[in-house]
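First the structure, in the form of structure tokens, and then the observations on it.
One-based numbering, in listed order, for ligands and for the atoms of each. Numbers for residues simply follow the sequence, beginning at 1.
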Amino acid sequence: MDARTRGTEQEGISFGEIEVCANFLSTTDLTQDELEHLLDRAGRFKSGIDQRKPLAGRSVALVFFNPSLRTRASMQVGIYELGGNAVVLEPGASTWTLEHREAAVMDEDKTEHVKEFVRVLGRYCACIGVRTFARLENWAEERTDPVLTAFARYTEVPVINMESAMHHPLQSLADMMTIREKVGSGRKRVLMTWAWHPKPLPMAVPNSFALASAQMGHEVVIAHPSRYELDEELMEVIKGKAREAGGSVEVTNDVDAAFDGAEVVYAKSWGGRDFYGKAQADVEHRQAFRHDWIVDARKMRRTNDAVFMHCLPVRRNVIVTDEVLDSAASVVIDEAENRLHAQKAVLAKLLGEKQ
Ligand code: CP
């Protein structure tokens, strides 16, 4: 059964121009109701009410091109708790180096093509998770998520995005769960603030957080210095989702005023699109923002008793001060725990029907 046939029988999530089904690549095509449904299901896993084991007797491949603590551990534990078996693979380390480009002449350092890799894994595993970060070298190419897209193109089983160049939907689901749990249901004033970091980082987390917050109908404030704008096309999607859900999106360069009235403060650093392939230029440009763009107690006092969130790992006294990170307002550990429950909901949704 190929992916298209299977897609007519199961719920699917499309991605770009490619007709792929039964994948979880971003939250883009989920309705607010579908997101709420996933969060409800995650809540039932967290409370222990749902103890079903829809993965009994089945394996899930977890493919990591990049390091991970939370995603790797929570996926492995979640798969185990759902009755399944996780197969962790690291291309270029514990498995062969992988080529993803169509029609590549593989006469350099790449040993195996994604085309064989994913179809072979599909014969062993019910689902494939993949983590493949942006290399921050070529914006035009990387914004199309080429490696993730190759996995989705060739796979015969569902693919789950465990963080790509553009999206980290498992993180944003856990983030939405955490907001609902800590601040309550309904529209909230949610600030996502850029923070200074010594080097440029990928945009997947801010993209997915802003997108999911808009989809949930929140009043979203995105604060960043000049030249750290998110992808223009994605921003149009985010604004459209906010309109549909009855929320709003505001973008500001004013790091202090951005905190006014916030009920959620979400900190993240990311690299500028114009600086892809020019890391040193980004490092020099951002130097001016080092002292102002940090989450500290003074800024948190401007909020409406906001909770502080970060996807982790976080650099202490760079992104956020110890005073804030160690305060009662900080919910980062619960947020990380919610990765487990949210991912179980996704796995159960994608694989639960097939026994
Ligand atoms: N937040 C997150 O994805 O953490 P890891 O990179 O440790 O998986």
Whether [Y] and [X] form a salt bridge (side-chain N of Lys/Arg under 4.0 Å from carboxylate O of Asp/Glu) is what I want to check.
| X | Y | result |
| --- | --- | --- |
| D40 | R180 | yes |
| R298 | D256 | yes |
| R227 | E229 | no |
| R131 | E163 | yes |

Return the protein residues near ligand 1 (heavy atom under 4.0 Å from any of its atoms), ordered by chain and residue number.
S68, L69, R70, T71, R131, H168, Q171, C311, L312, R339
Quick one: are F151 and I128 in side-chain contact, heavy atoms under 4.5 Å?
yes
State the OH-CG distance between Y266 and L191, to the nearest 0.5 angstrom.
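Nearest 0.5 Å value for the OH-CG distance: 12.0 Å.
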